[in-house]
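All values derive from a computational prediction rather than experimental measurement. Order of the sequence lines sets the chain letters (A, B, ...), proteins ahead of strands, with each chain counted from 1.
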Amino acid sequence: MPELPEVEVTRRSFASQIEGAKILGVTMGKPLRWPLGCEPQSLVGAQVQQVRRRGKYLLIDLDQGMLMVHLGMSGSLRFAPVLPLLGAHDHFEMHTDKGLLRLNDPRRFGAVIATQGEQDPVARKLLDGLGMEPLDTQQFSWKRFSEGLKASRSPIKPLLLSGKLVVGVGNIYASEVLFASRIAPTLAANMISAVKARRLFDAIRAILALAVERGGTTLRDFSNADGMPGHFQLQAKVYGRDGLPCVHCGQPIALLRQGQRSTFYCPRCQKA
DNA sequence: CGTGGCTCCTGTTAGC
DNA sequence: TGCTAACAGGAGCCAC
């Protein structure tokens with residue numbers, strides 16, 4: 001469900017509300033991808049300082065330590081003064097003096113991890129090696145991006161998904177940005193022309209920024225921490241549209257598998 | 001080291 | 001209608 005825009009929209013929807021909150025209690029449901037890493041009770045008394053994001057991780061800074069939250073494939077956060085009774089898929093809840101923060105995650109690929117901070121070995125293992133932040137104009141530079149492409153012989157679609165060059169581009173947006181820049185998903189990164197690489201660089205920034213601005217994509221059931229669905233009907237131009245006519249040329253959209261993930265593209269518009 | 005395949009888990013949908 | 005299999009927005013891990 002959540003790619004960078006959805007994670008960022010979630011962050012913005014509760015960050016300022018939870019700032020300064022004191023933790024009063026923590027409840028865990030079924031196991032998530034990783035254990036919390038500490039006794040839930042040991043978090044009681046800590047104070048939330050700010051909520052940041054790195055890639056698809058939400059980083060909740062505490063006066064002592066840092067919570068890392070990942071939404072995995074099916075996770076969503078809610079933050080509110082009062083919430084309904086815990087449901088079968090609510091696996092983490094943090095009670096604070098400003099409200100309840102709750103993670104609902106049916107598939108449990110998500111995680112909440114308590115660390116000592118960004119230098120904690122557990123945090124470093126997950127954060128080190130992440131690529132550039134595409135919405136950070138300082139960090140996401142054309143120079144580094146084009147050099148990164150030249151350094152890899154991987155097909156471009158799985159490279160985008162890997163997060164090693166640029167973070168936050170998930171399976172939907174990967175297909176969409178490649179369609180927008182008219183690049184075949186199977187093309188080796190180092191074989192992409194400068195013109196196409198520049199289009200891809202621009203498309204990643206533009207499409208992700210627009211998605212954030214519009215409140216994220218609600219393909220199935222995304223909603224932010226206020227419970228509001230996204231309004232970015234990304235009118236996915238290729239994702240999920242196999243067999244349907246390309247919005248640009250009318251040719252049927254094709255579907256292929258790359259690394260166990262579906263890729264959608266137009267065989268005519270996106271030639272190598 | 002880079003790359004590709006497998007894996008975790010549950011819910012929904014496509015196909016017979 | 002009902003069962004079964006395939007597939008789903010992520011990404012770490014392990015074997016080549």
Between B:dC6 and C:dA6 - P atom distance, rounded Å | 14 Å
Which comes earlier along DNA chain B counting from the 5' end, the contact point of A:Ala88 or that of A:Arg33, where each point is its nearest nucleotide?
->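 Closer to the 5' end of DNA chain B: A:Arg33.
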Now, which nucleotide makes the Watson-Crick or G-U wobble pair with C:dG9, with each of the two distances under 3.5 Å?
-> none
According to the Watson-Crick and G-U wobble definitions, with both distances under 3.5 Å, which nucleotide is paired to B:dC9?
->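 Base-paired to nothing in any strand shown.
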Run through A:Asp120, A:Ile60, A:Asp61, A:Ile113 and flag the one making a side chain to side chain contact (heavy atoms under 4.5 Å, CB included) with A:Met66.
-> A:Asp61
Do you know which two heavy atoms are closest between A:Leu126 and A:Leu130, and how far apart they sit?
-> O-CG, 3.9 Å
For [X] and [N], give me the distance from atom [atom1] to atom [atom2], rounded to whole Å.
| X | N | atom1 | atom2 | value |
| --- | --- | --- | --- | --- |
| A:Asp90 | B:dG11 | CG | P | 13 Å |
| A:Arg124 | C:dG12 | CZ | C1' | 18 Å |
| A:Leu71 | C:dA8 | CG | P | 20 Å |
| A:Leu159 | B:dG2 | CG | P | 11 Å |
| A:Asp242 | C:dA8 | CG | C1' | 14 Å |
| A:Gln258 | C:dG9 | CD | C1' | 16 Å |
| A:Gln260 | B:dC8 | CD | P | 14 Å |
| A:Leu32 | C:dG12 | CG | C1' | 16 Å |

Phosphate OP1/OP2 of [N] contacted by [X] side-chain N/O (<4.0 Å):
| X | N | value |
| --- | --- | --- |
| A:Ser74 | C:dG10 | no |
| A:Tyr57 | C:dG12 | yes |
| A:Lys164 | B:dG2 | no |
| A:His70 | C:dA11 | yes |
| A:His89 | B:dC9 | no |
| A:Lys30 | B:dC9 | no |

Classify the nucleic acid contact of A:Ser152 as base, sugar-phosphate or nothing, counting any heavy atom under 4.0 Å across all strands shown.
-> sugar-phosphate
Which part of the nucleic acid does A:Arg261 contact within heavy-atom distance under 4.0 Å: base, sugar-phosphate only, or nothing?
-> base
Given that A:Leu130 and A:Arg107 both sit by DNA chain C, which one's nearest nucleotide is further toward the 5' end?
-> A:Arg107
Does the ring of A:Phe109 lie flat against the base of B:dC8, closer than 5.5 Å centre to centre with planes under 30°?
->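 A:Phe109 ring centre within cut-off of B:dC8 base, planes near parallel; stacks.
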Determine, for A:Lys125 against A:Asp128, whether the closest basic-nitrogen to carboxylate-oxygen distance falls under 4.0 angstrom.
-> no
Is it true that A:Arg124 and A:Glu118 make a salt bridge, defined as a side-chain N closer than 4.0 Å to a carboxylate O?
-> no
Decide whether A:Arg257 and A:Ser262 meet the rule of one side-chain donor and one side-chain acceptor closer than 3.5 Å.
->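 A:Ser262 and A:Arg257 do have a side-chain donor-acceptor pair below 3.5 Å.
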Can you find a donor-acceptor N/O pair under 3.5 angstrom joining the side chain of A:Arg108 to the base of B:dC9?
->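 When only heavy-atom distances are counted, A:Arg108 does not reach the base of B:dC9 through any donor-acceptor pair under 3.5 Å.
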Minimum-distance nucleotide (side-chain atoms of A:Met73 versus C:dG10, B:dT3, C:dC7) | C:dG10
Of all the choices, C:dA11, C:dG12, B:dG4, which nucleotide is nearest to the side chain of A:Leu126 once you look at every atom?
->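 From the listed options, C:dG12 comes nearest.
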Does the salt bridge (charged side-chain N to carboxylate O under 4.0 Å, His left out) test come out yes or no for A:Glu19 and A:Lys98, once each step is laid out?
-> CA-CA 9 Å; A:Glu19 244 169 61; A:Lys98 296 202 172 195; over 6 Å; no
